[in-house]
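Inspection log for the structure reproduced underneath, given as structure tokens.
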2 protein chains.
Amino acid sequence: MDIPNRVIGRLSAYRRHLRRWLSEGREQVYSHDLATQEGITPAQVRRDLMTIGYTGSPARGYDVHGLLTRIGELLDPRPDEGIILIGAGRLGRAMLDYLAAQHPEYPVRAAIDNDPELVGRVIHGCRCHADGDLEDIIRDEQVTIGIVAVPADSAQDVADRLVRAGIRGLLNFAPVRLRVPAGVYTQDLDIAVSLEKVAFLARGQAKAQETHE
Amino acid sequence: MDIPNRVIGRLSAYRRHLRRWLSEGREQVYSHDLATQEGITPAQVRRDLMTIGYTGSPARGYDVHGLLTRIGELLDPRPDEGIILIGAGRLGRAMLDYLAAQHPEYPVRAAIDNDPELVGRVIHGCRCHADGDLEDIIRDEQVTIGIVAVPADSAQDVADRLVRAGIRGLLNFAPVRLRVPAGVYTQDLDIAVSLEKVAFLARGQAKAQETHE
DNA sequence: AGAACGTTGTGAATGAGTTCACAGACTAAG
DNA sequence: CTTAGTCTGTGAACTCATTCACAACGTTCT
């Protein structure tokens, strides 16, 4: 099976609507329901569901519960997929806060910061450790995902250490492109680039509307 | 002229390398220099520069200063493009901090929050106003861009008010897709979706590497 | 001056992602 | 039971983005 990245992003979005509808007691949805919510075409929705092998019924559409289950099989985090946060500055702490409040299913096992002031403190239920403990924590706590929230000039060093310690995926907030070997995956979330895109588009020099990516 | 969104994102990234090189005294770059930094092909770089009408010279490549100037013409914010932040929670304040420290060229004219505790306070040089002042500030302060950092259930309401007040572009952190009329542009920056993508990729069920979007 | 090299600019080929369009399937109503 | 209506599943068409491949050019070396 090979599911494109784009499709994963949309599945994640579909899931939110499905959960809401399920909680409202709705049992069936049509492709155009999801399409309307996401501002895409019904054909796109059907194609996505085809990609993950989920099949609906003509005249009744898709089963909300069944589809949620199927998407969950793909997206739900496994218990052995821990997260580590590198950089407990303002952005890092905002992430901890957000994840603790909105996404308890993604437990951040530890935070790392080189500020001695922070080390030992517990931030939103997550203990902050010293820089040197990085490798031990990854090995001992089944950490597979790293969130990089350090300044640009140390991001590559951090990434190298994470990769050497066996990390599988990186969510990168630093404004640099991380060089990682094949088999390790990075997703950049560059706020400055996004802001420049919006500013450019708002200026009216182009016409588009885009998600994440 | 019509420059695709993707190209804008890459130009923004190129600019960072060019600035670094300029500060190191470098005067020329080849397409493969930029390509290596960004992990793309030289052909892509040349195509991008062709798109913005910048031309280099065989055997000497591109002029660092000239290219920076050209990209600046496209991306530099204009003085009449103010930014307003809606939602001064942890994420909103992290954004203020980040922008004030890293991007003084994007002045956030005001923050808005409905928490009376926050109203009147100055956060990183930016005053926090009450909910009801939103429309006045946008009109009086030449604000064209809104950063939406409120909870999901109020995001669409906020977006509607911003649009009615004449905003041109939105940077949206809320986990919903905002519905806006043609002529207003939104860029979603959905942390949960990005995290689910990384987790999925890290699980090894696909092979990819993606920026922003 | 001439030859060798490495780079740009770009038409054409390729590839990825999206949308079209319709056959087939199911439901509900007559 | 039959008909009308609506939706899914999907091959094919299309659109957009990326990469290939090479002529033309500037530089450097002899």
Side-chain angles (χ1 to χ4, degrees), chain A residues 1-14 18 21 26-64 66-67 70-71 177 197 201 206-213, chain B residues 1-14 18 21 26-64 66-67 70 177 193 197 201 206-213:
Chain A
M1 194 195 321
D2 187 24
I3 303 175
N5 210 291
R6 299 268 185 94
V7 176
I8 294 297
R10 284 192 297 263
L11 290 175
S12 173
Y14 297 160
L18 292 168
W21 286 327
R26 187 163 179 183
E27 292 181 3
Q28 318 287 337
V29 285
Y30 297 122
S31 59
H32 66 248
D33 295 321
L34 283 164
T36 304
Q37 293 296 318
E38 286 300 304
I40 58 182
T41 63
Q44 174 90 81
V45 174
R46 294 202 298 275
R47 187 64 73 182
D48 287 342
L49 301 192
M50 197 177 109
T51 304
I52 63 169
Y54 191 79
T55 163
S57 110
R60 258 182 318 171
Y62 302 93
D63 180 64
V64 174
L67 181 50
R70 176 70 187 119
I71 297 178
R177 174 160 284 259
K197 279 190 190 174
L201 292 169
K207 45 182 190 292
Q209 191 166 350
E210 199 186 344
T211 311
H212 333 289
E213 290 150 232
Chain B
M1 193 196 319
D2 187 26
I3 303 175
N5 210 292
R6 300 266 185 95
V7 176
I8 293 296
R10 284 192 296 264
L11 290 174
S12 173
Y14 297 160
L18 292 169
W21 286 327
R26 187 164 179 183
E27 292 181 4
Q28 319 286 339
V29 286
Y30 297 123
S31 59
H32 67 247
D33 295 321
L34 284 165
T36 303
Q37 292 297 317
E38 286 300 305
I40 58 183
T41 64
Q44 174 90 81
V45 174
R46 294 203 299 276
R47 186 65 71 180
D48 287 342
L49 300 192
M50 197 177 108
T51 304
I52 63 170
Y54 192 79
T55 162
S57 108
R60 257 183 318 169
Y62 302 93
D63 178 64
V64 173
L67 181 51
R70 175 71 187 118
R177 173 160 285 257
V193 170
K197 279 190 191 174
L201 291 169
K207 45 184 191 288
Q209 191 166 350
E210 197 186 346
T211 311
H212 330 293
E213 343 198 350

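So you know, we letter chains A, B, ... as the sequences are listed, proteins then strands, and number each from 1. The structure presented is a predicted model; accordingly, all values stated were derived computationally and were not measured.
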- Closest nucleotide among D:dT10, C:dT8, C:dC26 to the A:Arg46 side chain: D:dT10
- Looking at A:Thr41, does any N or O in its side chain come under 4.0 Å of the phosphate oxygens OP1/OP2 on C:dT18? no
- Note on the structure: On DNA chain D, more 5' by nearest nucleotide between A:Pro58 and A:Met50 is A:Pro58
- Message: Of the options C:dA12, D:dG26, C:dG9, whose atoms approach the side-chain atoms of B:Arg47 most closely?
- Response: C:dA12
- Message: Quick check for you: among C:dT8, D:dT10, C:dT27, whose closest atom lies nearest to any side-chain atom of B:Tyr30?
- Response: C:dT8
- Item | Straight-line distance of A:Leu11 CG to A:Leu67 CG, nearest 0.5 Å | 8.0 Å
- Message: Would you say A:Ser57 places a side-chain N or O within less than 4.0 Å of OP1 or OP2 belonging to C:dA25?
- Response: no
- Using whole Å, report how far OH of B:Tyr54 lies from P of C:dG9. 10 Å
- May I have the distance from B:Leu49 (atom CG) to C:dT7 (atom P), rounded to whole angstrom? 15 Å
- Pick base, sugar-phosphate or nothing for B:Arg60, based on heavy-atom distances below 4.0 Å to the nucleic acid. sugar-phosphate
- Task: State which of C:dC26, C:dT8, D:dG9 makes the closest approach to the side chain of B:Tyr62.
- Result: C:dT8
- Message: Just the rounded figure in Å: distance from C1' of D:dT8 to CG of A:Asp48.
- Response: 14 Å
- Note on the structure: When rounded to whole Å, the CG to P distance for the pair A:Asp63 and C:dC26 reads 16 Å
- Message: Nearest to the side chain of A:Pro4, heavy atoms from C-beta on, is which of D:dG11, C:dG17, C:dT27?
- Response: C:dG17
- Message: Would you say A:Asp33 and A:Tyr62 are linked by a side-chain donor-acceptor pair, where the criterion is simply a distance under 3.5 Å?
- Response: no
- Query: Would you call B:Pro42 and B:Thr36 a side-chain contact if the rule is heavy atoms closer than 4.5 Å?
  - Reply: no
- CA sep, side-chain torsions, deciding dist, call: A:Trp21, A:Leu34, side chain to side chain contact (heavy atoms under 4.5 Å, CB included): CA-CA 11 Å; A:Trp21 286 327; A:Leu34 283 164; 3.8 Å; yes
- side-chain N/O B:Arg6 vs D:dT18 OP1/OP2, d < 4.0 Å: yes
- Message: Rounded to whole Å, how long is the line connecting atom NE2 of B:His32 with atom P of C:dT8?
- Response: 8 Å
- Query: Rounded to whole angstroms, how far apart are CG on A:Asn5 and C1' on C:dA16?
  - Reply: 13 Å
- Query: Which whole-number value in Å describes the distance from B:Gln44 CD to C:dG9 C1'?
  - Reply: 15 Å
- For B:Ile52, does its backbone N or O pair with a side-chain atom of B:Arg70 as donor and acceptor, under 3.5 Å? yes
- Item | For atom CG of A:Asp33 and atom C1' of D:dC7, their distance in whole Å | 11 Å
